[in-house]
Amino acid sequence: MAERTAAMSWLTVDTPLPSGPLHVAVTAQGVAAVGYLGREGELPRCADPSKIAAVTGRVGEYLAGRRRQLDLPIDWSLSAGPHRAVLQTLLREVPFGRTITYGELAVRSGVFGEVEEPGLAARTVGQMMAANPVALLVPCHRVVAADGIGGFGGGRVGIDVKRWLLTLEGVMEPTLDWNGPL
DNA sequence: GTGAAGAACGGCT
DNA sequence: AGCCGTTCTTCAC
């Protein structure tokens, strides 16, 4: 899993998300990984006050509904090739409050050739989202299925997080488990 | 008309 | 090599 973790350190951000605190791995370049479930147990804890302040501050504002984009520098070193291309396409093409389907993201990224059957590349895109190292920064939660919300990593808790974020952005109607900023 | 099940394909861990 | 955050088609009520 974590091969190049030399210059990487992690910190946690307390969030109102159903999944609890967010785990963020940072490097000199920026944010390299974000996990709803902790998986950076082997990394040293981040001791840089400015990074901690920037990450916790912006994430906090975003999740409180006071910020529409995080504007945090992203270290793409954990993703490469088509994976990175799709993530960057998503980041650039889908703004706050908008959603896109797996199939359409596949087409717009251009990674899968000119045009393919919607069903072919869509699944691959889903796999890429599942493997997205920088969740939240790259709005993988805005990628939905053709006729539903689609899936999300981490099983059921993951779906809750996705719905929570989509509700925050005004895409979904508030649900009973909504405990965000109202 | 609505609901459920199956096959196909490409890339990540 | 195995595992999917899908989709579309088709069969069954």
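Computed from a prediction, not measured in an experiment: that's the story for all the values here. Within every chain, numbering begins at 1; the chains are lettered A, B, ... in the order of the sequence lines, protein sequences first and strands thereafter.
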(request) Would you sort out whether A/Leu43 and A/Ser9 count as a side-chain contact (heavy atoms from CB on, under 4.5 Å), showing the intermediate values? (result) CA-CA 5 Å; A/Leu43 297 174; A/Ser9 59; 5.7 Å; no

My understanding is that only residues two or more places apart in sequence, or in another chain, count here; which of them pass side-chain hydrogen bond (donor to acceptor under 3.5 Å, both in side chains) with [X]?
X	answer
A/Arg163	A/Asp160, A/Asp177
A/Asp71	A/Gln69
A/Arg108	A/Glu93

(message) Between A/Arg84 (side chain only) and A/Ser79 (backbone N and O only), is there a donor and an acceptor less than 3.5 Å apart?
(response)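 Pair found, side chain donor or acceptor close to backbone of A/Ser79.
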
(message) Closer than 3.5 angstrom, by distance alone: can the side chain of A/Thr56 be matched with the main-chain N or O of A/Val13 as a donor-acceptor pair?
(response)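 The answer is no, because no donor-acceptor pair under 3.5 Å joins these two groups.
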
(message) With a 4.5 Å cut-off on side-chain heavy-atom distances among I, L, V, M, F, W and Y, is there a chain of contacts connecting A/Leu91 to A/Met129?
(response)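 Yes; A/Met129 is reachable from A/Leu91 via cluster members.
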
(request) Would you mind reporting whether A/Val31 and A/Pro73 have side-chain heavy atoms less than 4.5 Å apart? (result)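 Counting from C-beta outward, A/Pro73 and A/Val31 never come under 4.5 Å.
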
(request) Report yes if some heavy atom in the side chain of A/Phe112 is under 4.5 Å from a heavy atom in the side chain of A/Leu120; otherwise report no. (result)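 Heavy-atom side-chain distance check fails, nothing below 4.5 Å.
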
(request) Taking all non-hydrogen atoms of both residues into account, name the closest pair between A/Leu22 and A/Gly35 and its distance. (result)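 So the two residues come closest at CD1-O, 3.7 Å.
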
(request) Over all heavy atoms of both residues, which pair between A/Ser109 and A/Val86 is shortest? Give the atoms and the distance, please. (result)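 Between these two residues, the closest heavy atoms are OG-CG2, 3.8 Å.
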
Would you tabulate the side-chain donor-acceptor contacts of residues 95-105 of chain A under 3.5 Å, counting partners in other chains and residues two or more places apart, or write 'none'?
from: A/Thr101; atom 1: OG1; to: A/Glu104; atom 2: N; distance (Å): 3.1
from: A/Tyr102; atom 1: OH; to: A/Lys162; atom 2: NZ; distance (Å): 3.4

Any protein N or O atoms within reach of nucleotides 2-7 of chain B? Criterion: under 3.5 Å, listing atom names and distances.
none

N/O contacts under 3.5 Å, protein versus nucleotides 10-13 of chain C?
none

Which pairs of donor and acceptor atoms, one on a side chain in residues 144-154 of chain A, lie under 3.5 Å apart (sequence neighbours left out)?
none

(request) Output the residues of residues 81-92 of chain A in contact with DNA chain B, where contact means a heavy atom of the residue under 4.0 Å from an atom of the strand; sort by number or write none. (result)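 DNA chain B contact set from residues 81-92 of chain A: A/Pro82, A/His83.
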
Could you list, one pair per line, each protein nitrogen or oxygen that sits under 3.5 Å from a nitrogen or oxygen of nucleotides 4-9 of chain C, together with the distance?
from: C/dC4; atom 1: O2; to: A/Gln127; atom 2: OE1; distance (Å): 3.2
from: C/dC4; atom 1: N3; to: A/Arg123; atom 2: NH2; distance (Å): 3.2
from: C/dC4; atom 1: N4; to: A/Arg123; atom 2: NH2; distance (Å): 3.1
from: C/dG5; atom 1: O4'; to: A/Phe152; atom 2: N; distance (Å): 3.1
from: C/dG5; atom 1: N7; to: A/Gly153; atom 2: N; distance (Å): 3.1
from: C/dG5; atom 1: O6; to: A/Met129; atom 2: O; distance (Å): 2.6
from: C/dG5; atom 1: N2; to: A/Tyr102; atom 2: OH; distance (Å): 3.3
from: C/dG5; atom 1: N2; to: A/Cys140; atom 2: O; distance (Å): 2.6
from: C/dG5; atom 1: N2; to: A/Val143; atom 2: O; distance (Å): 3.4
from: C/dG5; atom 1: N3; to: A/Tyr102; atom 2: OH; distance (Å): 2.9
from: C/dG5; atom 1: N3; to: A/Gly151; atom 2: O; distance (Å): 3.1
from: C/dT7; atom 1: OP1; to: A/Ala146; atom 2: N; distance (Å): 2.8
from: C/dT7; atom 1: OP2; to: A/Ala146; atom 2: N; distance (Å): 2.9

(message) Once pairs are restricted to Watson-Crick or G-U wobble with both distances under 3.5 Å, how does DNA chain B read as a dot-bracket string, [ ] for crossings and | for other-strand pairs?
(response) ||||||||.||||

(message) With ring pair (Phe, Tyr, Trp, His ring centres under 6.0 Å) as the rule and sequence neighbours excluded, what pairs involving residues 49-75 of chain A come up?
(response)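 Passing the test, one end in residues 49-75 of chain A: no pairs.
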
(message) For A/Arg142, give me all partners under salt bridge (Lys or Arg N to Asp or Glu O under 4.0 Å), at least two apart in sequence or on another chain.
(response)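 With neighbours one apart ignored, the set is A/Glu169.
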
